[in-house]
Number of protein chains: 2
Amino acid sequence: MTTATAKRSFVRLPREQRMREIEAAAREVFSQRGYDAASMTDIAKRAGVSEGSIYKFYTNKRDLLLTVIRTWYQSMIDEFMEKLSGVEGTRAQLQTVIWQHLKSIKANPDLCRLFFLEVRSADDYFDSDLFHLNRDYTHVLMDIIQGGIDRGEIRPDISIPLVRDMVFGGIEHRVSGFLVNRGDFDHDETANQLTDMVMAGMAAPAKTPNGLEALVERLERVADRFDGPGGGEG
Amino acid sequence: MTTATAKRSFVRLPREQRMREIEAAAREVFSQRGYDAASMTDIAKRAGVSEGSIYKFYTNKRDLLLTVIRTWYQSMIDEFMEKLSGVEGTRAQLQTVIWQHLKSIKANPDLCRLFFLEVRSADDYFDSDLFHLNRDYTHVLMDIIQGGIDRGEIRPDISIPLVRDMVFGGIEHRVSGFLVNRGDFDHDETANQLTDMVMAGMAAPAKTPNGLEALVERLERVADRFDGPGGGEG
DNA sequence: GATATTAGTGAATTTAATTTACCTAGTCTA
DNA sequence: TAGACTAGGTAAATTAAATTCACTAATATC
């Protein structure tokens, strides 16, 4: 029985803590409903705060979304970098990149979708910090390919950005059904097939099998001994 | 000088014609501003009709968008099919598919973007007629690859859907900057590089290692010098 | 010429983001 | 420790845009 004259009272939290709570709520609501269908009312309610409060910390709904995505994306990249360190060899590294990427999608399809649809396709994306994060991320793959070229395993005339686009674009297409809750994809099988396909497409043209040429030359020298000087080349 | 008591009057058009006018206006506004920023007021104004009229023909804004996209997509596919007919050979066909696809993107980047962002990523896409159109379209590429397998030009163990995903996904990534008005892409160069890469990745394994045949011929010439039976191994 | 049908209208309604005017818990300072 | 200042917090007001509604008026048909 609250008296009619009871003063309205509330808990006041430090800025950082309140922001974390709002972002956690926003992440849930955005994930469950998508950007458009998520209402600020829902988010405020779940965060246990009034709608107006959200605007104390974020300029608008989109700013809140970007903050949520940024946090997730950064942690994803951190994990990615850690897993990749220590892997040696072009093929194994490529396989790891692809595998990890697929794993992130499996782990957070809703956030991936938000990133693809709402963030990456916006006009201001190319000026955003998320663009730079993404750039660093995909650059890892390009460095791996460059390494393969340096070691002679990969054709030097290949277009590295094209390979990047085929890998990440191919993955995106492949998982598109999964991202909208239609069907699934086999994580390991996809990674293996994709790695095989890309490695085959990039492979340096086969030289003659190792050492075979030298062996034939020795044979020819043997033959020379039999027919003396002058016999031979035509 | 209209009198104050002039009856309000308007032109009444047959359903089909009015719909075509509204769709033309919608296509312009959606293209210029994108789905969210396009307002029904804008579209109505450009079509020379009141807002309420639009709802006589389309259940809502999204329905109008889908109608616009459907018309464009169908005409694009018609053109595509026509250009492809008469092209022979796995490589040439693949090249044509890729080239035509890039051409469509160059011709209507705004509608492509709407298709990618607003149509293909919606929950109901997989039940829509646009999905089936798209399915037929991408199936053309898969048939080409199957033909290549049948003729022994392509490894039979390749995953055809994966190739489809890498081609269309790769293209989409490659042109993503262009689609948001950042930079351009070289139409022919992209088509050629992509075709090369895919063909190399799918190529049937060479029967004999490259150059081995020539070496064997040299060996045969060596053997010829002995010109007779009894040349034993040493 | 009466009548049914459907194009056409524009104002009213609804829904959701954002603004605004105002409150109050905590902190700093004279 | 009172007073003032800052910043978290609120709820109601405003705005903007899609959608609905009640109504008007061409056109076709009987």
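- Checking A:Val49 against B:Lys61, the closest nucleotide of DNA chain D that is more toward the 5' end is the one next to A:Val49.
- Each of A:Ala38 and B:Pro14 lies near DNA chain C, and the nucleotide nearest B:Pro14 is the one positioned closer to the 5' end.
- Taking the six-membered ring for Trp and thresholds of 30 and 60 degrees, A:Phe168 and B:His173 have nearly parallel ring planes, at less than 30 degrees apart.
- Spacing between atom CZ of A:Phe57 and atom P of C:dT19 amounts to 16 Å, rounded to whole angstrom units.
- The distance between atom OH of A:Tyr55 and atom P of D:dA13, rounded to the nearest whole Å, is 18 Å.
- Electrostatic pairing of B:Asp42 and B:Lys61 does not count as a salt bridge here, judged by no charged N lying under 4.0 Å from a carboxylate O.
- Between A:Tyr125 and A:Phe115, the ring planes lie perpendicular to each other; the angle is over 60°, past the 30° to 60° tilted range.
- The OG atom of A:Ser104 sits 10.0 Å away from atom CD1 of A:Ile171, with the distance rounded to the nearest 0.5 Å.
- Between the CE atom of A:Met40 and the P atom of D:dA13 there is a distance of 20 Å, given to the nearest Å.
- Of the side-chain N and O atoms in A:Ser53, none sit less than 4.0 angstrom from OP1 or OP2 of D:dG9.
- OP1 and OP2 of D:dA25 both lie 4.0 Å or more from every side-chain N or O belonging to B:Arg12.
- Of the side-chain N and O atoms in B:Lys56, none sit less than 4.0 angstrom from OP1 or OP2 of C:dG8.
- Rounding to whole angstrom units, CZ of residue A:Phe10 and P of C:dC22 are separated by 16 Å.
- The listed nucleotides are D:dT10, C:dA16, C:dT24; the one nearest the side chain of A:Ser50 is D:dT10.
- The CG-P distance, from B:Asp36 to C:dA16, rounds to 15 Å in whole Å.
- OP1 or OP2 of D:dG8 has at least one side-chain nitrogen or oxygen of A:Arg15 nearer than 4.0 Å.
- The distance from atom CG of B:Asp63 to atom C1' of D:dA18 is 14 Å, rounded to the nearest whole Å.
- For the pair A:Lys103 and A:Phe80, the cation-pi criterion (under 6.0 Å, within 45° of the ring axis) is not fulfilled.
- Distance A:Arg18 CZ to C:dT24 C1': 14 Å, rounded to the nearest Å.
- Rounded to whole Å, atom C1' of D:dT19 lies 14 Å from atom CG of B:Leu64.
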